[in-house]
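Single-structure report; data block below.
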Amino acid sequence: MKSFCRDTWVEVDLDAIRANLETFKRHLPEKTDIMAVVKADGYGHGAVHVGKEALASGADSLAVALLDEALILRRAGITAPILVLGYTPVESIVTASELEVELTAYSVEWITEANDILQKNDHKPVGIHVKTDTGMGRLGVRTKEDLLAVVGALEECSKLKWTGIFTHFACADEPDTTHVRRQHDLFQSFLQALREANKKLPTVHCCNTAAAIAFPDWGYDTIRLGIGLYGLYPSLYMKERADVILTPALALKTRIAHVKKADEPFTVSYGATHTAQPDEWIATLPIGYADGYSRLLSNRGEVLYNGTRYPIAGRVCMDQIMVSLNSTEAAVNDEVVLYGKQGDEEISLDEIADLLGTINYEVPCMLNYRIPRLYLRDQKVTDVFHPLTMK
Ligand SMILES: Cc1ncc(COP(=O)(O)O)cc1O
């Protein structure tokens with residue numbers, strides 16, 4: 001029995017995930033490991049399946065944004081190192097200890113309180129990556145003095161281990177390298193300050209996908225590979241550089257739920273913003289903005305049917321959209337591609353992002369719990385996960 005009752009689904013090609021990871025392994029120095037970033041449920045692709053595939057393909061660790069995401073990975077049986085990249089409230093330190101998950105820190109007060117909490121009931125120690133803010137303006141220490149104070153505080157802790165130091169780049173995907181080079185220079189000065197203070201450096205990392213592409217020799221001990229793992233480029237500039245060739249892993253597909261030909265003009269969808277003309281075929285597809293298929297695509301987006309592009313007709317509804325097949329006859333249950341390839345045509349996440357006025361990162365992250373994920377290997381479905389009905 002099929003594990004979902006609506007013919008709308010995401011396909012995630014695990015062979016593409018593997019290929020993209022191997023591409024970065026070849027692009028980077030031999031000594032540089034890969035930390036697969038699977039936050040936001042694997043950028044909408046499914047953190048557990050992508051995380052397992054990345055680890056099986058050569059990634060050494062995983063990264064998430066919040067501790068709750070690490071919990072899901074541990075529950076799925078993933079035992080590899082996991083780093084939480086974002087802020088974790090100090091009260092959650094015990095959970096991190098129990099899950100054996102590493103956290104990010106950059107505050108002496110947080111470190112001291114976290115250590116006190118762990119000491120109280122003799123919990124297992126927690127690994128800490130110290131974050132430096134070299135120009136992202138988000139999280140991290142901003143001066144050498146603060147960095148040395150944070151590392152000094154960690155060295156006083158019996159229940160916290162200093163296991164990493166990192167920074168995050170704000171503009172690594174841009175052609176003008178002024179900002180990213182300034183950030184990297186500052187990061188290097190932080191590392192030098194630690195060496196001069198006789199600190200043995202733990203795992204050092206600074207590269208996201210863009211920096212890994214443009215500056216592979218900044219790989220240090222590991223890179224944090226996000227968008228590139230999914231076969232997407234951080235920016236058009238990065239795509240045009242063509243240093244690495246990536247394969248998009250995600251497709252979004254559905255089947256026609258209803259179809260009719262106009263004998264006489266009739267309006268379509270809320271607001272009656274599209275009028276079907278005589279002999280125009282209108283197909284209704286079971287997906288809408290409540291699935292994360294944006295309403296901004298109303299009268300602007302296109303879909304693929306029989307390898308041809310057809311426009312969305314009218315406004316995107318909460319659960320359904322209508323498309324104009326012009327004079328092309330169609331039948332209920334015929335497959336339609338919303339994101340991805342069909343024949344020689346492709347509707348890429350970059351195209352959708354441009355239509356929405358956003359970046360490709362956001363588009364797959366919008367696809368939510370109502371859409372089952374089908375995992376493919378050798379173009380065959382090997383597993384299904386439906387967030388709505390499966391835990
Ligand atoms: C701290 C941090 N590190 C790394 C990433 C991954 O970035 P890409 O998706 O651009 O590779 C995100 C992030 O927030």
Side-chain angles (χ1 to χ4, degrees), residues 16-17 20-21 23-25 27-28 32-45 47 50-51 54 59-67 69-70 81-88 101-106 128-142 163-174 179-180 183-184 187 203-216 218-239 241 243-244 246-250 349-350 353 358-366:
I17 296 292
N20 295 328
L21 192 119
T23 294
F24 280 91
K25 286 296 278 184
H27 185 68
L28 292 160
T32 299
D33 292 339
I34 292 182
M35 184 187 296
V37 183
V38 293
K39 59 183 180 159
D41 196 20
Y43 291 35
H45 294 64
V50 170
D60 306 84
S61 62
L62 301 179
V64 294
L66 35 140
L67 189 52
E69 293 178 327
I82 299 174
L83 171 63
V84 176
L85 297 169
Y87 167 73
T88 302
V101 167
E102 296 181 300
L103 299 183
T104 292
Y106 39 85
I128 297 295
H129 287 227
V130 174
K131 181 145 194 194
T132 65
D133 179 3
T134 56
M136 179 70 184
R138 193 166 67 178
L139 299 177
V141 295
R142 294 177 56 82
T163 54
I165 180 166
F166 70 110
T167 198
H168 190 49
F169 293 131
C171 307
D173 61 346
E174 296 180 2
H179 191 92
V180 68
Q183 283 197 253
H184 184 246
F187 185 56
T203 299
V204 178
H205 48 110
C206 65
C207 287
N208 54 7
T209 295
I213 292 173
F215 309 103
W218 294 359
Y220 294 97
D221 297 308
T222 190
I223 64 144
R224 303 188 305 275
L225 179 64
I227 198 77
L229 178 64
Y230 304 97
L232 303 171
Y233 294 88
S235 65
L236 181 58
Y237 165 66
M238 283 280 136
K239 187 171 188 175
R241 280 174 60 113
D243 311 63
V244 294
L246 302 176
T247 307
L250 184 137
L349 296 187
D350 295 331
T358 186
I359 55 175
N360 55 15
Y361 292 67
E362 185 176 5
V363 177
C365 290
M366 293 164 69

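Order of appearance sets the numbers: ligands from 1, and atoms from 1 within every ligand. In this chain, residues are counted from 1 in sequence order. Just so it is clear, the structure is predicted and the values come from calculations on it, not from any experiment.
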Legend entry - F24 vs T209 side-chain heavy atoms within contact, under 4.5 Å: yes
Legend entry - Residue of the set D221, T167, I223, L83 for which side-chain contact (heavy atoms from CB on, under 4.5 Å) holds with H205: L83
Legend entry - Crowding at NZ, K239 (>12 non-hydrogen neighbours, <6.0 Å): no
Inset, instruction - Answer whether the closest heavy-atom distance between the side chains of Y230 and Y361 falls below 4.5 Å. - result: no
Legend entry - Side-chain (D133) to main-chain (L139) donor-acceptor, under 3.5 angstrom: no
Less than 3.5 Å apart, N/O on ligand 1 and N/O on the protein: could you list those pairs with the distances?
residue  : atom   : partner : partner atom : Å
ligand 1 : 3 (N)  : H168    : ND1          : 3.4
ligand 1 : 3 (N)  : R224    : NE           : 2.8
ligand 1 : 3 (N)  : R224    : NH2          : 3.4
ligand 1 : 9 (O)  : Y43     : OH           : 2.6
ligand 1 : 9 (O)  : I227    : N            : 2.8
ligand 1 : 10 (O) : Y361    : OH           : 2.6
ligand 1 : 11 (O) : T209    : N            : 2.9
ligand 1 : 11 (O) : T209    : OG1          : 2.6
ligand 1 : 11 (O) : G226    : N            : 3.0
ligand 1 : 11 (O) : I227    : N            : 3.4
ligand 1 : 14 (O) : K39     : NZ           : 3.1
ligand 1 : 14 (O) : R138    : NH2          : 3.1

Legend entry - R241 atom CZ: more than 12 heavy-atom contacts under 6.0 Å: yes
